[in-house]
*Asks:* 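Below is one structure. I have some questions about it.
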Amino acid sequence: MLNQIKEKALKEIAQAKDLKQLEQIYRQYLGRKGELTMILRSLKDLSDKERKEKGQLANQAKSEIDEVIKVKRQKLSGQAGLARKKDWIDVSAPGFQPPEGYPHPISLVQRQVEEIFQSIGFSVVDGPEIENEYYNFDALNIPKDHPARDLWDTFWLKDIDRLLRTHTSPMQARYMEENQPPLRIIVPGRCFRHEATDASHDVQFYQVEGLMVGQDVSMSHFKGIVEEFLKQFFGPEVKMRLRPGYFPFTEPSFEVDAKREKGDWLELMGAGMVHQNVFKAVGYPLRKWQGFAFGVGLDRLAMVKYKIDDIRLFYSGDLRFLKQF
Ligand code: DAH
């Protein structure tokens, strides 16, 4: 009978397909109420002699089954590990291709502008989008109550003397306060205006400020440098024109237009010779330095370059538009 039980157990163990089945077999034979366990327990009712003989056999059978189960358990858990390994990452498999990003047309244009100006000796400087009234206006010769402030209606931050800068020009004053001429900088950045939007105006847009100051920097330097810039940016055939303009921080002031493909002129930048009051505001001695400044609309440059007729497209987040660059 013992032998029968043992043979049956060994056979079942051999056939066990997974750990669950194996543990079930263990319980059936060696568990608390297992077949072999019961036999071992019943030994106490036997005579001494019988108990000795049967006890030996039963214990042998027990340890044999125990041992075979152990070996089988190892084998099956190895297989379980292998089965799990199958789910692991196959590092040699080709990966998923995430959709590729691309620079925004404004970023593309900004990079080109920076490269061109750097190649003619200008440094690129960054400034704050949240400005205070002094740098946005006063330091630029636009005192409170001056009607020119109407040109730059903006968004004011409640309760503190801060506003969203209406142009990159405040960086002229900030930079000159910290640096002495001769200097050549450009300042690309985002600006804001509180105004109705249309095809060529938006509440946010990008500008690049330019500033060159030295002992004898003149209008002809300005014209030469801007012409060179526009040629490198649009190509040698570009047509530009200067018109008289008005800005409180330049004297004289002018506007620069570029000719569009469809034949009309688009205003690209405001410019002029830096007003002595601006030099005064930053602490330069009067009439010692002179220079030019300009503020060019990056969006405008991009519109002419890529033949875009509505500025609002830049900020629409419309992928059909953005994917074309
Ligand atoms: N800040 C002016 C604007 O946003 C543009 C401008 C005009 C900048 C003349 C200048 C300048 O540096 O000299 O309308």
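Counting starts at 1 for both ligands and their atoms, following the listed order. Below, all heavy atoms of this structure are taken into account, side chains as well, without hydrogens, waters or symmetry copies.
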*Asks:* Under 4.0 Å from any heavy atom of G295, which atoms of ligand 1 are there?
*Replies:* 6 (C), 8 (C), 10 (C), 12 (O)
*Asks:* Going by the order shown, which atoms of ligand 1 are within less than 4.0 Å of some heavy atom of Q207?
*Replies:* 3 (C), 4 (O)
*Asks:* Between R300 (side chain) and E267 (backbone), is there a donor-acceptor pair under 3.5 Å?
*Replies:* yes
*Asks:* Which is it for A271 and ligand 1 at heavy atoms under 4.0 Å: side chain, backbone, both or neither?
*Replies:* backbone
*Asks:* Ignoring hydrogens and geometry, is there a side-chain-to-backbone donor-acceptor pair from Q290 to V217 under 3.5 Å?
*Replies:* yes
*Asks:* Quick one: does any side-chain atom of K72 pair with a main-chain N or O of A16 as donor and acceptor, under 3.5 Å?
*Replies:* yes
*Asks:* May I ask you to list the atoms of ligand 1 that are less than 4.0 angstrom from any heavy atom of G272?
*Replies:* 13 (O)
*Asks:* With a 4.0 Å cut-off on heavy atoms, is M269 in contact with ligand 1?
*Replies:* no
*Asks:* Specify side chain, backbone, both or neither for R165, according to which of its non-hydrogen atoms lie closer than 4.0 Å to ligand 1.
*Replies:* neither
*Asks:* I want to confirm something. Looking only at heavy atoms, which of F292, F249, F247, W152 is nearest to atom 11 (C) of ligand 1?
*Replies:* F249
*Asks:* Taking the basic N atoms (NZ, or NE/NH1/NH2) and the acidic carboxylate oxygens, is any pair closer than 4.0 Å for E209 and R165?
*Replies:* no
*Asks:* For G31, is there any backbone N or O sitting under 3.5 Å from a side-chain donor or acceptor partner on T37?
*Replies:* yes
*Asks:* I'd like to know if the side chain of H221 and the backbone of S218 have a donor-acceptor N/O pair within less than 3.5 Å.
*Replies:* yes
*Asks:* Looking at N136, is its backbone amide N or carbonyl O close enough to the side chain of H167 to form a donor-acceptor pair, meaning the two atoms are under 3.5 Å apart?
*Replies:* yes
*Asks:* Does the E178 side chain pair with the main chain of R174, one donor and one acceptor, at a distance under 3.5 Å?
*Replies:* no
*Asks:* I'd like to check whether T250 has a polar contact with ligand 1, where a contact means an N/O of the residue lying under 3.5 Å from an N/O of the ligand.
*Replies:* no
*Asks:* Check E209 against ligand 1 and report side chain, backbone, both or neither, counting heavy atoms closer than 4.0 Å.
*Replies:* side chain
*Asks:* Could you pull out, from G270, P248, C191, the option with a heavy atom nearest to atom 6 (C) of ligand 1?
*Replies:* G270
*Asks:* Is there any N or O on H167 that sits under 3.5 Å from an N or O of ligand 1?
*Replies:* yes
*Asks:* In this structure, does ligand 1 have an atom that sits under 4.0 Å from one of the heavy atoms of E251?
*Replies:* no
